[in-house]
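Report on one structure; see the data block that follows.
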Amino acid sequence: MSSILSGLNPEQLEAVSLPHQSALILAGAGSGKTRVLTTRIAYLIQSGQASPHGVLAVTFTNKAAKEMIARLSAMLPINTRGMWIGTFHGLCNRMLRLHHRDAGLPQLFQILDVQDQLSLVKRVMKAMGVDGEKFPPRQVQWFINGNKEAGLRASKVEAYDDFSRRMTEVYAAYDEQCSREGVVDFAELLLRCFELLQANEILRDHYRERFAHILVDEFQDTNRLQYLWLRLLAGNRCAVMAVGDDDQSIYGFRGAHSANMQSFERDFGVAKVIKLEQNYRSHGNILDAANHLIRNNRTRLGKNLWTAESHGEPLRVFQAPTDLDEAAYVVDEVKALSREGVALSEIAVLYRSNAQSRVLEHALFNAGLPYRVYGGLRFFERQEIKHALAYLRLAANPDDDNALLRVINFPARGIGARSLEQLQESAKAAGGSLWQAACERSAVGGQPVGRALPVDPRPATTGRPASSPLKGIPAFVALIESLRAATQGLPLPEIVEHMVEHSGLKQHYQSEREGADRLENLNELVNAAVGFVHEAEDDSLPAFLAHAALEAGEHQAEEGAQALQLMTVHSAKGLEFHGVFITGLEEGLFPHEQSFNQDGGLEEERRLMYVALTRSKRRLYLTFAQSRMLHGQTRYNVSSRFLEEIPERLMKWVNLTAPFAPVLVPEPKPKSKSAVSFTVPKASHGWQVGQSVTHPKFGSGVIVNCEGHGPDARVQVRFTRAGVKWLALEYARLTPA
DNA sequence: CTAGCTGCTGTTTTT
DNA sequence: CAGCAGCTAG
């Protein structure tokens, strides 16, 4: 017992060994929050106050859940498999699978990711004849999720104006369509689970009996629904330990409600709030900077981090003329750090928005520095993977219209908009899924059956009722049936492999010019299935599909490899690095301009900056650029106000530019760098046929043709790797080889 | 029906 | 600059 508790400071110890009561732990960045949580679980189990079976621990990200399980396994000789440790979505998914009947869901319900959800929303809107101009689908999606996350079904939404009334109608229709298809979106996982527990007393009591201890990580990020879910699940006898930091609440934009911390104190009868304020991560200057910055926020619970460590180095501030120069600086400094012996995996480059990673990646790639990007397009979100998954989903549940629509004509098999329209109409008329409608048509050799016929609005076409589409649809039905039959009972990896091989996807990408990467990803999908079988308790196809939806990014981030870490500030939360670059510190970017009109938006941006600062253990860089390419045009920004909120004495301006010097508007750059630096009399733009060139993306090649003059000048280049391409000289960054 | 083109638009953060 | 909807030629 003493072994797991040794080394804890008094506050940590108090938190870990609390008696059976609900508690709120205010845990500052780097104060050993995860350690407290895991040690608490270990303590409860080791002292016999709880069994592994009777503890539920919920986190916000998969990464955090994994971390917790790993640390727990290291601390105690117990099997952590089967323990209820996971994300809100993961745990709700688990509960819904176990009780799908009570929850009113098919056993094999599928999970819609953001893209799937959006396309379903669009489909529903189209069917209802809702104007997509007046009601942007994204906004409708946001509306639906927002209400679900507030715990509101369409029938409970209070709509006082025509606009929200119409949106609410779409919400209702969308939910109906989801249940027809047997699919649930992310928010639905939570809401459905909540409703299940609410409606089913026996089940509720069962789980309340079972989970005597609930632990919640990142409590400040919980939304209304998650809070209600916790309260419902906890009942009166459960001890809930909520750990959070209001200063790190950065998900307000999607409904997180850090006031849940205050509600928690009240609703759960918290006797004492424990504050963890000693920071074990960063040197003093870094903490000073973070503390000063966050003091500019009005709405805080109040907390001040301190450290026993020395001040360390000053923060290094770098002002770059352009985003390219900023990237170049990052490259140089990373190289220097690396030479000093700092592992690349201990260095992170942070940015506010994903779009910023491009320029950085480009510079790193050219410098030959290995890097890994978190976020962005995740593995399971790639087009070819989504296609393959759609085939798999159809094998598991053919009524999944989203999946069907994705692949019914991919690879192309002659099913166009017209036949789809007809299919959708007959499905609607029969009140069934698209798959059912497709089967009906195929079954009788092309004759539309029974009631399916009369809806055709154009009498002219009734002469030859839907003859052309019937070539494609029966072929599709037959394909799916044969895939299903062939994979029946096979182990998961073989199912996946069979699908990839025989769905026509592989063939399609083999014949496609740029299909090599996609093929590789498809192979990687088979590997993912193999890995999944080894790791997961449930290695069925539906479990794999759920995994794909819930842990979309898992596969591109190989742990431990020696690579520089690139990520948004959001995804950096909870991580720490020896050296951190916070880039793009410009007004409009960080803080983001979208935050200016949002309620409390600026304070959230500041908390985001606080999170960014506190990721660093030792070395911290703050960089910004005076001009930056954004959305295809150059923008001139001033430095971020956050730089001014950090005391000057903590910072060192490394490029010797006076701080807050007036922004110089650079002269317009020459149209094409290469055209200026390279002059050959032959042509006005300086390039000639036969010349060897290199392109940042396509690599090396030879010019095979030229045409046009001035801004319209183009050259045709035969690249060694990328084939033959026409490039506009004004834009292509071509260099002589 | 398909493929390929044009022209438009929307842009933050994520389970 | 992307991704996408809508259009046109084959």
Side-chain angles (χ1 to χ4, degrees), chain A residues 58-65 86-93 111-115 117-119 122 126 132-133 136-139 142 145 148-149 184-190 217-218 221-223 225-226 249-256 350-359 374-378 380-381 383 409-420 468-469 471-472 512-513 546-554 567-574 584 588-598 601 604-605 607-609 611-612 628-635 731:
Chain A
V58 57
T59 64
F60 206 65
T61 64
N62 295 304
K63 223 185 296 174
T87 62
F88 278 101
H89 295 87
L91 295 177
C92 286
N93 174 52
I111 300 169
L112 298 182
D113 68 15
V114 187
Q115 295 172 35
Q117 186 186 32
L118 186 63
S119 60
K122 283 181 186 165
K126 207 171 206 172
E133 300 271 283
R138 292 178 151 277
Q139 200 183 333
W142 184 81
N145 290 339
K148 285 192 179 185
E149 278 157 14
V184 299
D185 57 55
F186 284 138
E188 183 71 22
L189 284 171
L190 293 171
D217 191 14
E218 307 278 16
D221 285 333
T222 53
N223 62 34
L225 179 56
Q226 287 161 339
S249 164
I250 56 175
Y251 288 100
F253 70 94
R254 66 167 209 222
L350 308 183
Y351 35 81
R352 176 64 179 82
S353 60
N354 278 308
Q356 289 167 251
S357 75
R358 287 183 166 280
V359 178
Y374 286 79
L377 189 60
R378 294 134 181 259
F380 283 111
E381 287 168 2
Q383 186 207 123
N409 197 35
F410 193 96
R413 51 176 73 81
I415 304 170
R418 185 83 191 95
S419 5
L420 267 183
S468 60
K471 286 174 206 153
E512 201 180 62
R513 207 173 238 263
H547 164 82
L550 291 172
E551 292 179 45
E554 214 58 13
M567 65 190 85
T568 62
V569 180
H570 280 89
S571 36
K573 191 164 74 150
L589 203 63
F590 197 2
H592 199 278
E593 54 199 355
Q594 298 287 126
S595 71
F596 296 155
N597 346 314
Q598 286 163 8
E604 180 147 314
E605 294 290 307
R607 290 192 293 270
L608 204 46
M609 181 65 181
V611 168
R628 178 180 297 276
M629 273 293 252
L630 212 61
H631 314 316
Q633 55 185 349
T634 309
R635 291 183 24 159
Y731 304 110

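Here the structure is a predicted model, which means the values were calculated and not measured. To find a chain, count down the sequence lines: A is the first, B the second, and so on, and within it residues start at 1.
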**Q.** Gap between atoms CZ and P, on A/Arg628 and C/dC1 respectively (whole Å)
**A.** 16 Å
Q: Scan A/Lys122 against the nucleic acid and name what it touches under 4.0 Å (heavy atoms): base, sugar-phosphate only, or nothing.
A: sugar-phosphate
Q: Round to the nearest Å and state the distance from A/Trp142 atom CH2 to B/dT13 atom P.
A: 16 Å
Q. Does A/Asn354 have a side-chain nitrogen or oxygen under 4.0 Å from the phosphate oxygens OP1 or OP2 of B/dT14?
A. yes
**Q.** Distance test, side-chain N/O of A/Arg358 to OP1/OP2 of C/dA2, below 4.0 Å
**A.** yes
Between the protein and nucleotides 5-11 of chain B, list the N/O to N/O atom pairs that are separated by less than 3.5 angstrom.
from	atom 1	to	atom 2	distance (Å)
B/dT11	O2	A/His631	ND1	2.9
B/dT11	N3	A/His631	ND1	3.1

Q. B/dT15 P sits how many Å from A/Arg254 CZ, rounded?
A. 7 Å
Q: Please step through side chain to side chain contact (heavy atoms under 4.5 Å, CB included) for the pair A/Phe186 and A/Gln117, ending with a clear verdict.
A: CA-CA 9 Å; A/Phe186 284 138; A/Gln117 186 186 32; over 6 Å; no
Q: Go through the side-chain N and O atoms of A/Ser595 and A/Gln598 and say whether any donor and acceptor fall under 3.5 Å apart.
A: no
Q: Mark yes or no: A/Lys63 above the aromatic ring of A/Tyr374, with NZ or CZ under 6.0 Å from the six-membered ring centre and no more than 45 degrees from the axis.
A: yes
**Q.** Rounded distance in Å - CG (A/Asp217) to C1' (B/dT15)
**A.** 14 Å
**Q.** Donor-acceptor under 3.5 Å (A/Glu149 side chain, A/Asn223 main chain)
**A.** no
Q.
Could you check whether the side chain of A/Glu218 and the base of B/dT15 have a donor-acceptor pair of N or O atoms closer than 3.5 Å, going by distance alone?
A. no
Q | A/Asp217 CG to A/Thr222 OG1 distance, which is reported to the nearest 0.5 Å | A | 11.0 Å
Q | A/Arg628 side chain reached by A/Thr634 side chain, heavy atoms, under 4.5 Å | A | no
Q) Counting any heavy atom closer than 4.0 Å, what does A/Asp113 reach on the DNA or RNA strands: base, sugar-phosphate only, or nothing? A) nothing
Q. Atom CG of A/Asn145 and atom P of B/dT13: how far apart are they, to the nearest Å?
A. 16 Å
Q) Of the nucleotides B/dT15, B/dC1, B/dT13, which one has an atom closest to the side chain of A/Thr568? A) B/dT13
**Q.** Nucleotide nearest A/Val114 (side chain, heavy atoms from C-beta), chosen from B/dT15, B/dT14, B/dC1
**A.** B/dT15
Q. Counting only distance, no hydrogens or angles, is the base of B/dT13 paired donor-acceptor with the side chain of A/Arg352 under 3.5 Å?
A. yes
(Q) Once you apply a heavy-atom cut-off of 4.0 Å, does A/Ser571 come out as touching a base, just sugar-phosphate, or nothing? (A) sugar-phosphate
Q. Is there a stack between A/Phe253 and B/dT13, judged by ring centres under 5.5 Å and planes under 30°?
A. yes
Q: Find the distance A/Glu381:CD to B/dT15:C1' and express it as a whole number of Å.
A: 11 Å
Q. Looking at B/dT15, B/dT12, B/dT14, which one has an atom nearest to any side-chain atom of A/His89?
A. B/dT15
(Q) Check for me whether the distance between the ring centres of A/Phe253 and A/His592 falls short of 6.0 Å. (A) no
Q. Atom NZ of A/Lys573 to atom P of B/dT14: distance rounded to whole Å?
A. 12 Å
(Q) If I take atom NZ in residue A/Lys63 and atom P in nucleotide B/dT15, what distance separates them, rounded to the nearest angstrom? (A) 8 Å
**Q.** side-chain hydrogen bond (donor to acceptor under 3.5 Å, both in side chains) against A/Thr87, all qualifying residues, sequence neighbours excluded
**A.** none
Q) If we take the C1' atom in both C/dC4 and B/dT13, what is their distance in whole Å? A) 23 Å
Q) Under 4.0 angstrom, heavy atoms only, what part of the nucleic acid is A/Gln598 near: base, sugar-phosphate, or nothing? A) base
Q. Contact class for A/Phe88 (heavy atom, under 4.0 Å): base, sugar-phosphate, or nothing?
A. nothing
Q.
Both A/Asn409 and A/Leu608 contact DNA chain B. Which one's nearest nucleotide lies toward the 5' end?
A. A/Asn409
